Chemist: 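Can you keep this structure in mind? I'll have questions shortly.
The basis for the numbers below is simple: all heavy atoms, side chains too, and nothing from hydrogens, waters or symmetry mates. None of the values given here were measured: they were computed from a predicted structure. Here is how names work: the chains are called A, B, and so on, in the same order as the sequence lines, proteins then strands, and each is numbered from 1.
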Number of protein chains: 2
Amino acid sequence: MTGRSYGHYCPVARTLELIGERWTLLIVRELVLGPMRFTDLHGALPGIPRNLLSDRLRDLEAHGLVARRTLAPPAARTVYELTDAGRGLVPVIADLARWGLSHPDPPRPDEEVSPAMAVLAGLAAHVRPGPANGDETYRLEVDGREFTLRLAGGDLTFESGGTEPDLVVSTSAAVLLRLRAGAEPVAKAKAAGRIRFAPDDPVRIRRFLDRFALPTPTARQRKERA
Amino acid sequence: MTGRSYGHYCPVARTLELIGERWTLLIVRELVLGPMRFTDLHGALPGIPRNLLSDRLRDLEAHGLVARRTLAPPAARTVYELTDAGRGLVPVIADLARWGLSHPDPPRPDEEVSPAMAVLAGLAAHVRPGPANGDETYRLEVDGREFTLRLAGGDLTFESGGTEPDLVVSTSAAVLLRLRAGAEPVAKAKAAGRIRFAPDDPVRIRRFLDRFALPTPTARQRKERA
DNA sequence: CCGCATCCGTTTCGATACTG
DNA sequence: CAGTATCGAAACGGATGCGG
């Protein structure tokens, strides 16, 4: 038991006792995108001391939000992954991202941009309900890290690959954030090679931008007309 | 600048720098329900030291999440209220409440139940989109504190009174939580006088329970049929 | 009663060094 | 690679005290 109690019988306080400590929610954010090993986690969270990461993982495991799994002998390694309970925190993280994006603040000197947060913040926070009929799968390649996003109805889940994606998007975390902020039009980034789509199919690209509510000329016009 | 930086250019991390410290979100939770004075806030948050409350309010004000307003001479007092930016955090709080409610944990000895959290956690976290046509206004009287909730479409806002409510609900925070948890049927609580409705109109009561997704026999049957 | 400042023991954080 | 151990620096918790 590490998270100090608030002494309130309150769901909000209870939850904060579990995930309200420094770094905890950022660790969860990383794990949302898939299981990770200790060192990779440490690398994905610049600035976190290893002992704190160790402590947090222990607490998260004790509270059933994270599970450790030991991989089979060939690559015998321990990985940390979210439990279902842990995945239940995704809306919280998405809301925090939404809030942050709606109160922009330019990057400060020496700040690092992580691919995971670009994916989650730039995309996951703004999923729009799509056509009820079709599922879509996207593969994001962000600064060398790969994420597979599956959209079914209004729900977004992350997969560890396997499924053949409808569209592969390759870009950098910084560009993803610039797109989200509307600081750079998609067309321009594409022309400059800062974002690539495969296949280069306008219909699929448009649907991708639409589902993730990325600013497009059309979206802007739609807004102005309203 | 008090919230230590994470050194990440990430909306989630940025937001956590502002509201990730201990007590901060609970203070915001209280203020969601309306402007409050220092001492009332202190009373509504059992266990918080006054100096911490003071510190947090200062930080929140510095970051534009909270504004202090001095009331007119007759009752010349300072009140703290959320800014629009601060109100933007409501979804975060609602998600935390939702998560907490879905991972129940019985009350621990010596824990206090606050009316505000019962309102927010028990009701606000589960608002169902209602009929697009009609707005509804409810007055909650919880352990002596009054809250006016206005529902317009899927949006919930809190008012400081004035509007004539469609329904007045009087109960205690504990009962509200028990209803939410399905630990006690509404009918039983009503019969025992633990919750009162005015006017005692079945149609309005049903709509109230429906909009806030409180477990009702009908809702349960609906679930089982599905 | 209100809001805040000060003091002080305890807990947490964070940087570095260290071990299997 | 995957953590532990240690230790100084902050932050926190709680008890005051002090002007409005």
Chemist: Side-chain donor or acceptor of A/Asp55 under 3.5 Å from a matching atom on the base of C/dT12?
Modeler: no
Chemist: Should B/Arg68 be listed as having a side-chain N or O under 4.0 Å from OP1 or OP2 of C/dC4?
Modeler: yes
Chemist: Considering only NZ, NE, NH1 and NH2 on the basic side and carboxylate oxygens on the acidic side, decide whether A/Arg58 and A/Glu61 come within less than 4.0 Å.
Modeler: no
Chemist: To the nearest Å, give me how far apart CZ (B/Arg37) and P (C/dC4) are.
Modeler: 14 Å
Chemist: Which whole-number value in Å describes the distance from A/Arg58 CZ to D/dA5 P?
Modeler: 9 Å
Chemist: Side-chain donor-acceptor pair under 3.5 Å between B/Thr148 and B/Glu159, yes or no?
Modeler: no
Chemist: Are any of the side-chain nitrogens in A/Glu164 or A/Arg150 under 4.0 Å away from the carboxylate oxygens of its partner?
Modeler: no
Chemist: Rounded off to whole Å, could you give me the OH-to-C1' distance for the A/Tyr80 and D/dG3 pair?
Modeler: 8 Å
Chemist: Closest-nucleotide mapping onto DNA chain D: is B/Ile48 or A/Asp40 further toward the 5' terminus? I mean the 5' end.
Modeler: A/Asp40
Chemist: Could you report the tightest heavy-atom contact between B/Ala118 and B/Leu176, atom names first, then the distance?
Modeler: O-CD2, 3.7 Å
Chemist: May I have the distance from B/Glu61 (atom CD) to C/dC4 (atom C1'), rounded to whole angstrom?
Modeler: 13 Å
Chemist: Between A/Thr39 and D/dA2, is there a contact of a side-chain N or O with OP1 or OP2 at under 4.0 Å?
Modeler: yes
Chemist: Determine: side-chain N/O of B/Arg50 to OP1/OP2 of C/dA5, distance under 4.0 Å, yes or no.
Modeler: no
Chemist: Would you say the side chain of B/Asn51 and the base of D/dG13 hold a donor-acceptor pair, judged only by whether the two atoms sit under 3.5 Å apart?
Modeler: no
Chemist: Return no unless some side-chain N or O of A/Arg22 is found under 4.0 Å from OP1 or OP2 of D/dA10.
Modeler: no
Chemist: Rounded to whole angstrom units, what separation is found between the CG atom of B/Asp59 and the C1' atom of D/dA10?
Modeler: 15 Å
Chemist: Specify the separation, in whole Å, of atom CZ of B/Phe38 and atom C1' of C/dG3.
Modeler: 6 Å
Chemist: Report yes if at least one side-chain N or O of A/Arg4 is closer than 4.0 Å to OP1 or OP2 of C/dT11; otherwise report no.
Modeler: no
Chemist: Taking the six-membered ring of B/Tyr6 as reference, does the NZ or CZ atom of A/Arg22 fall below 6.0 Å from its centre and within a 45° cone about the axis?
Modeler: yes
Chemist: A/His42 has an atom NE2; how far is it from atom C1' of D/dC1, in whole Å?
Modeler: 12 Å
Chemist: Taking atom P of C/dC4 as reference, at what distance in whole Å does atom CG of B/Leu53 sit?
Modeler: 9 Å
Chemist: Does a side-chain N or O from B/Trp23 land closer than 4.0 Å to OP1 or OP2 of D/dC12, or not?
Modeler: no
